[in-house]
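One structure is given here, and the rest of the page talks about it.
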Amino acid sequence: MISAVLPTYNRADLSFVRGEGSWLFTGDGRRYLDLAAGIAVNALGHAHPALVERLTEQAQRLWHVSNLYHIPEQEALAQALVDATFADTAFFTNSGTEACELAVKMTRRYWYDRDQKGRTTILAFEGAFHGRSAAGIAAAGSEKMTKGFAPLLPGFRQLPWGDAAALAEAIVAADVGGVIIEPVQGEGGIRPAEVAFLKALRSLCDQTGVLLIMDEVQCGMGRTGRLFAHEWAGISPDVMMVAKGIGGGFPLGAVLATEKAAACMVAGTHGSTYGGNPLACAVGGRVMEIVSDPAFLAEVNRKAGLMRQSLEAIVATHPDVFEEVRGLGLMLGLKCRVTNTDVVKACYAAGLLTVPGADNVVRILPALNIPDADIAEAVARLDTAAQSL
Ligand SMILES: *Cc1c(COP(=O)(O)O)cnc(C)c1O
């Protein structure tokens with residue numbers, strides 16, 4: 001008989017009743033060091049006092065009102081995001097997938113408004129992940145995500161990852177209206193795009209007028225040591241998807257865009273019942289205050305250096321288990337020589353939570369404020385796990 005919860009996940013035999021910082025606790029008193037962070041969601045760890053305070057304060061006052069009214073918490077968060085980024089405007093969603101939907105709609109409408117209605121194709125990349133909606137799976141295009149779900153939403157074409165020549169050839173086609181890319185692929189196995197590739201992408205978009213959409217759902221909000229990962233390449237997108245870390249664990253996402261890209265989205269073209277509700281935006285506003293602080297980001301970079309150095313040492317000690325460390329900031333991956341899910345299981349046995357990714361990678365996505373002592377403990381547990389393999 002099917003389980004009461006639709007069994008679309010292969011779940012570990014683990015369940016947690018409480019979290020504190022980088023630690024999760026089971027009902028029977030075991031504790032696990034959390035390098036998964038809800039897959040890059042709990043950016044400030046579990047039960048961060050400032051977030052608990054902001055959430056409870058807002059919860060006592062006002063949870064939800066419709067977007068038929070002005071929502072001050074939403075306006076404040078939008079202003080903070082606009083002030084800190086390339087963007088001129090923001091629309092709030094409840095997830096990364098919903099952000100993908102709007103990014104796709106905005107791109108199509110942008111060309112519709114310019115009377116170039118044929119520019120409906122968005123170029124995407126192999127190994128990409130943009131969510132599980134009809135648009136998201138069509139953008140990714142992989143067999144794993146699309147099998148059995150035909151007919152797929154038309155208008156996507158996948159290119160090889162990091163191949164500037166293939167991109168230059170594809171982008172000049174008359175039907176291309178946008179390019180969607182994760183500056184660091186997450187589900188795809190922690191694969192950062194080369195800076196030179198991102199610069200080439202930006203200049204090809206400038207030459208052709210094609211919109212550049214960055215999916216920073218996993219790599220954004222300070223994860224790589226900059227507020228947004230594309231900043232490392234010294235370029236900016238026209239449209240950006242954000243989610244995961246922005247709510248610190250409360251469901252929240254956003255699409256940020258330049259005025260030029262967004263001007264087509266006039267009243268009535270898009271909406272969301274829950275998107276931008278006071279509770280989510282209050283928490284998101286607090287996350288943004290903390291994460292966008294240059295001193296906080298400097299600490300992320302310092303911790304990332306420490307974590308990376310420690311992981312390099314683990315790889316050197318266990319060359320039969322691990323091949324290399326890859327990634328940017330605290331978005332790290334261990335490319336494995338043994339099966340990555342076996343490593344994740346061995347980590348569970350050592351009291352450590354990690355996340356498998358494609359390309360036989362184990363993802364290391366700790367809270368951005370993980371204490372140095374917890375980094376040392378995590379590496380010791382990873383060493384124990386690797387020894388057991
Ligand atoms: C997780 C993720 C999404 C989808 O976000 P949801 O909140 O699960 O809908 C989209 N893009 C990237 C890069 C992601 O990592």
Side-chain angles (χ1 to χ4, degrees), residues 6 8-9 35-43 91-107 122-142 144-146 149 153 156 158 161 178-193 198 212-224 227-230 237 239-256 272 274-277 280 283-284 287 327-333 354-359 361-366 368:
L6 188 71
T8 59
Y9 277 89
L35 300 187
I39 315 189
V41 167
N42 302 101
F91 181 95
F92 293 101
T93 67
N94 308 288
S95 68
T97 301
E98 288 171 64
C100 179
E101 293 296 313
L102 173 54
V104 169
K105 279 178 70 176
M106 189 182 284
T107 304
I122 296 178
L123 301 177
F125 293 92
E126 286 166 3
F129 183 81
H130 302 298
R132 298 288 196 154
S133 63
I137 64 173
S142 66
K144 185 180 161 218
M145 250 168 319
T146 59
F149 300 125
L153 186 71
F156 296 93
Q158 288 78 27
W161 180 242
V179 180
I180 185 168
I181 184 170
E182 298 156 83
V184 184
Q185 284 192 342
E187 305 300 310
I190 312 291
R191 298 199 295 176
L198 291 176
L212 176 52
I213 308 161
M214 294 267 179
D215 180 347
E216 294 236 13
V217 168
Q218 193 163 149
C219 62
M221 292 307 291
R223 174 64 44 193
T224 67
L227 187 56
F228 291 101
H230 65 260
V239 179
M240 177 167 71
M241 297 149 56
V242 185
K244 293 202 165 93
I246 192 175
F250 199 95
L252 178 62
V255 172
L256 308 192
S272 170
Y274 291 126
N277 67 80
V283 177
V287 171
L328 210 54
L330 286 174
M331 185 171 184
L332 294 165
T354 60
V355 191
D359 200 23
V361 161
V362 170
R363 281 181 280 174
I364 309 286
L365 304 163
L368 303 180

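What you are looking at is a predicted structure, and each value in this text was computed from that prediction instead of being measured. Just so you know, ligand 1 is whichever comes first in the structure, and atom 1 is the first atom listed for that ligand.
A donor-acceptor pair is defined here as one N or O able to donate and one able to accept, closer than 3.5 Å; such a pair exists between the side chain of Gln158 and the backbone of Ala138. Here the side chain of Asp359 pairs no donor or acceptor atom with the backbone of Val361 at under 3.5 angstrom.
Taking 4.5 Å as the limit, every side-chain heavy atom of Phe129 sits out of range of all side-chain heavy atoms of Gln218. In this structure the side chain of Val255 never reaches within 4.5 angstrom of the side chain of Met240, judged on heavy atoms.
Among pairs with a residue in residues 178-189, those fulfilling salt bridge (charged side-chain N to carboxylate O under 4.0 Å, His left out) read Glu187-Arg363, at least two apart in sequence or across chains.
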Show the short N or O contacts, below 3.5 Å, that ligand 1 makes with protein N or O atoms; if there are none, say 'none'.
{"unit_1": "ligand 1", "atom_1": "5 (O)", "unit_2": "Gly96", "atom_2": "N", "d": "3.4"}
{"unit_1": "ligand 1", "atom_1": "7 (O)", "unit_2": "Gly96", "atom_2": "N", "d": "2.9"}
{"unit_1": "ligand 1", "atom_1": "9 (O)", "unit_2": "Gly96", "atom_2": "N", "d": "3.4"}
{"unit_1": "ligand 1", "atom_1": "9 (O)", "unit_2": "Thr97", "atom_2": "N", "d": "2.8"}
{"unit_1": "ligand 1", "atom_1": "9 (O)", "unit_2": "Thr97", "atom_2": "OG1", "d": "2.5"}
{"unit_1": "ligand 1", "atom_1": "11 (N)", "unit_2": "Phe129", "atom_2": "O", "d": "3.2"}
{"unit_1": "ligand 1", "atom_1": "11 (N)", "unit_2": "Asp215", "atom_2": "OD1", "d": "3.3"}
{"unit_1": "ligand 1", "atom_1": "11 (N)", "unit_2": "Asp215", "atom_2": "OD2", "d": "2.7"}
{"unit_1": "ligand 1", "atom_1": "15 (O)", "unit_2": "Gln218", "atom_2": "NE2", "d": "2.8"}
{"unit_1": "ligand 1", "atom_1": "15 (O)", "unit_2": "Lys244", "atom_2": "NZ", "d": "2.6"}

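The two residues Ile39 and Lys244 come nearest to each other via the heavy atoms O-CD, 3.1 Å.
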